[in-house]
Number of protein chains: 2
Amino acid sequence: MRDICLLANVAQQRQESSDTTQPVLNMRTISIRRGDRLFSQGQSGAIYAVRLGFFKTRILNAHLREQVTGFYMPGALMGADALALGQHGDDAVALEDGEACEISCNTLVGQAQKNGDARQQLQRILGQEISRLHHTTQRLRDTVAVQRVVGLLLDLSDAFALRGYSARSFLLRMTRNEMASYLGLSIETVSRILSRLQNHGLLQIQGKLVNLTDTKALHGILEQTGNTVELE
Amino acid sequence: MRDICLLANVAQQRQESSDTTQPVLNMRTISIRRGDRLFSQGQSGAIYAVRLGFFKTRILNAHLREQVTGFYMPGALMGADALALGQHGDDAVALEDGEACEISCNTLVGQAQKNGDARQQLQRILGQEISRLHHTTQRLRDTVAVQRVVGLLLDLSDAFALRGYSARSFLLRMTRNEMASYLGLSIETVSRILSRLQNHGLLQIQGKLVNLTDTKALHGILEQTGNTVELE
DNA sequence: CGATGCCTTGACGGAATTCAATTGCCGTGG
DNA sequence: CCACGGCAATTGAATTCCGTCAAGGCATCG
């Protein structure tokens, strides 16, 4: 969110200050269709900021079984691990038609060597990635399935709020299967938990449309300790 | 491991090249007793390399319930998230008497601005942290408890091997409780799984002493897909 | 219309947690 | 030296939770 703006700023600053014909930050916008792959595991060279649409990242294991590793909405950065590791650890796939901004790693790192702003920016990017990973690992340590599902919903809610959208009512862009994979649960469990939360009046859900009616109670579920969770 | 050496190198290079009286990298060794805290959540200013002993990092939640986020042995870096995020996300506690090397963040980042080696070094540190988090995330998505336990054992085995110790036989420095917390399991489950693995002849365990007798089979457990795992 | 994909729901079995009791270990103090 | 207490770990029994299998609903699309 803030990141993409800062990145743009850095790029712009440089463009203005230097009158060379070649751009300093290699950025270009890529249009992509739902289901298509933006980058692949093992590739390197660029990171990507979501401009439009929603994306997931995933790992394909030995049996070609997909494991979802993250969800990204406009303003989010994908593939930041390549900055530090030299290559992408996962694929990025568009959950709907969208656009992404490709930013060359080399020029980004190169900039960081000369430009203080770019350096702070790079550091911020890596920090955000580390922070994101911390967050998801903590969520996965929640043994209780309800907590994982609620955690995801509240994370999405926060992300929407940060972007000026409603924190209470939003559209899930991923399938139940993708949610389940991301959370390390079975699709049926996810479905059942959503129904249960609805029956208890904590939210309404029909298809992909969610309405968090009792966010206080939802937060309460997350904070409950131990491996049994009370609904009401 | 390699990191601490490189860090030391960077420090040394600078010490030699510059004849100013003040040291360029603020490093100092801290002795610590078992159970004591090396740094705390929210603090900032330094990262730490383990010199001697074993450490854990943890988060204390609202109810002062501890959640273990990592184990560290000599050569490992703790608190790298503070480099990018400005403050530590977790506490570090010594699992036994030991020593850690404190490295000031400011000077490290400052070095990175002028010194190419230090910059690469910084990047490597952050990359390692991201890599570590990727790894643990994947492990936690293994829903089956056996896989998590075996995963931890094999990770420890690798780490010991990397440091020149036996990969087959080693001493667990953490309690079952800490293992369970780290793995998102109950202590009883951890205990039972270890017993079961022993009964199937994959390892021997008595107290904290582990002997991996059939690492091939142990690796096999990790690679099994789906939510049921066959032992033999 | 049927086919397909996605989601929901039920029934069942296996897996992990909980509760409770026991064992083993180690240091302390008698 | 042994007895004792405290802590860690194991083990058992009962329960709860979650995954699997199966059936059915409900859209979309050809």
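Proteins come first, then strands; the chains are lettered A, B, ... in the order of their sequence lines, and each starts at number 1. The shown structure was predicted, so the numbers you read here are calculated from the model rather than taken from an experiment.
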**Student:** Under the salt bridge (charged side-chain N to carboxylate O under 4.0 Å, His left out) rule, what pairs show up with a residue in residues 140-149 of chain A, not counting sequence neighbours?
**Tutor:**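 Found none.
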**Student:** Taking the side chain as C-beta and beyond, is there a heavy-atom pair between B:Asn61 and B:Gln67 under 4.5 Å?
**Tutor:**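 Result no, sub-4.5 Å side-chain heavy-atom pair not found.
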**Student:** To the nearest Å, give me how far apart CG (A:Leu95) and C1' (C:dC6) are.
**Tutor:**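 Whole-Å distance recorded here is 15 Å.
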**Student:** Listing request: all salt bridge (charged side-chain N to carboxylate O under 4.0 Å, His left out) pairs with a residue in residues 93-103 of chain A, at least two apart in sequence or in separate chains.
**Tutor:**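 Listed once each, the pairs are A:Arg28-A:Glu102, A:Arg33-A:Asp97, A:Glu96-A:Arg173.
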**Student:** Roughly how many Å is it from CG in A:Leu197 to P in C:dT8, rounded to a whole number?
**Tutor:**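 For the pair A:Leu197 CG and C:dT8 P, the rounded distance is 12 Å.
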**Student:** Suppose we screen for ring pair (Phe, Tyr, Trp, His ring centres under 6.0 Å). Which residues come up paired with B:Tyr182, at least two apart in sequence or across chains?
**Tutor:**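 B:Phe71.
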**Student:** List every contact pair, protein side and nucleotides 4-6 of chain D side both N or O, where the distance is under 3.5 Å.
**Tutor:**
none

**Student:** When the distance from CZ of A:Arg173 to P of C:dC7 is rounded to whole Å, what number comes out?
**Tutor:**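 Atom-to-atom, A:Arg173 to C:dC7, this comes out as 14 Å.
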**Student:** Given atom CZ of B:Arg148 and atom C1' of C:dT17, what is their separation to the nearest angstrom?
**Tutor:**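 In whole Å, C:dT17 C1' and B:Arg148 CZ are 13 Å from each other.
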**Student:** Atom CE of A:Met179 to atom P of C:dC6: distance rounded to whole Å?
**Tutor:**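 My rounded result for the distance is 15 Å.
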**Student:** In whole angstrom, give the distance that lies between atom CD of B:Gln147 and atom P of D:dG19.
**Tutor:**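 It is 13 Å, rounded to the nearest whole Å.
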**Student:** Run the ring pair (Phe, Tyr, Trp, His ring centres under 6.0 Å) test against A:Tyr48 and tell me which residues pass, sequence neighbours left out.
**Tutor:**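 A:Tyr48 satisfies ring pair (Phe, Tyr, Trp, His ring centres under 6.0 Å) with A:Phe39 once adjacent residues are dropped.
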**Student:** Any heavy-atom pair between the side chains of B:Val68 and B:Met174 that's under 4.5 Å?
**Tutor:**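 Counting from C-beta outward, B:Met174 and B:Val68 never come under 4.5 Å.
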**Student:** Starting from C1' on D:dG19, measure out to CZ on A:Arg65 and report it in whole angstrom.
**Tutor:**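 A:Arg65 atom CZ is separated from D:dG19 atom C1' by 12 Å.
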**Student:** Which residue pairs pass the ring-ring contact (aromatic ring centres under 6.0 Å, His included) test with at least one member in residues 204-225 of chain B, sequence neighbours excluded?
**Tutor:**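 Counting only pairs at least two positions apart or across chains, no ring-ring contact (aromatic ring centres under 6.0 Å, His included) contact touches residues 204-225 of chain B.
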**Student:** Taking salt bridge (charged side-chain N to carboxylate O under 4.0 Å, His left out) as the test, write out the residues that go with A:Glu66, two or more places apart.
**Tutor:**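 For A:Glu66, the residues satisfying salt bridge (charged side-chain N to carboxylate O under 4.0 Å, His left out) (neighbours in sequence not counted) are A:Lys56, A:Arg58.
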**Student:** Expressed as a whole number of angstroms, how long is the span from A:Asp142:CG to D:dC17:P?
**Tutor:**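 About 16 Å, once rounded to whole Å.
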**Student:** With sequence neighbours left out, write down each residue that passes side chain to side chain contact (heavy atoms under 4.5 Å, CB included) with B:Ser131, or none if nothing qualifies.
**Tutor:**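 B:Ser131 satisfies side chain to side chain contact (heavy atoms under 4.5 Å, CB included) with A:Leu85 only.
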**Student:** Give the B/S/- string for nucleotides 7-15 of chain D, one per nucleotide from 5' to 3', where a protein heavy atom under 4.0 Å of the base yields B, of only the sugar-phosphate yields S, and otherwise -.
**Tutor:** --SBBBB--
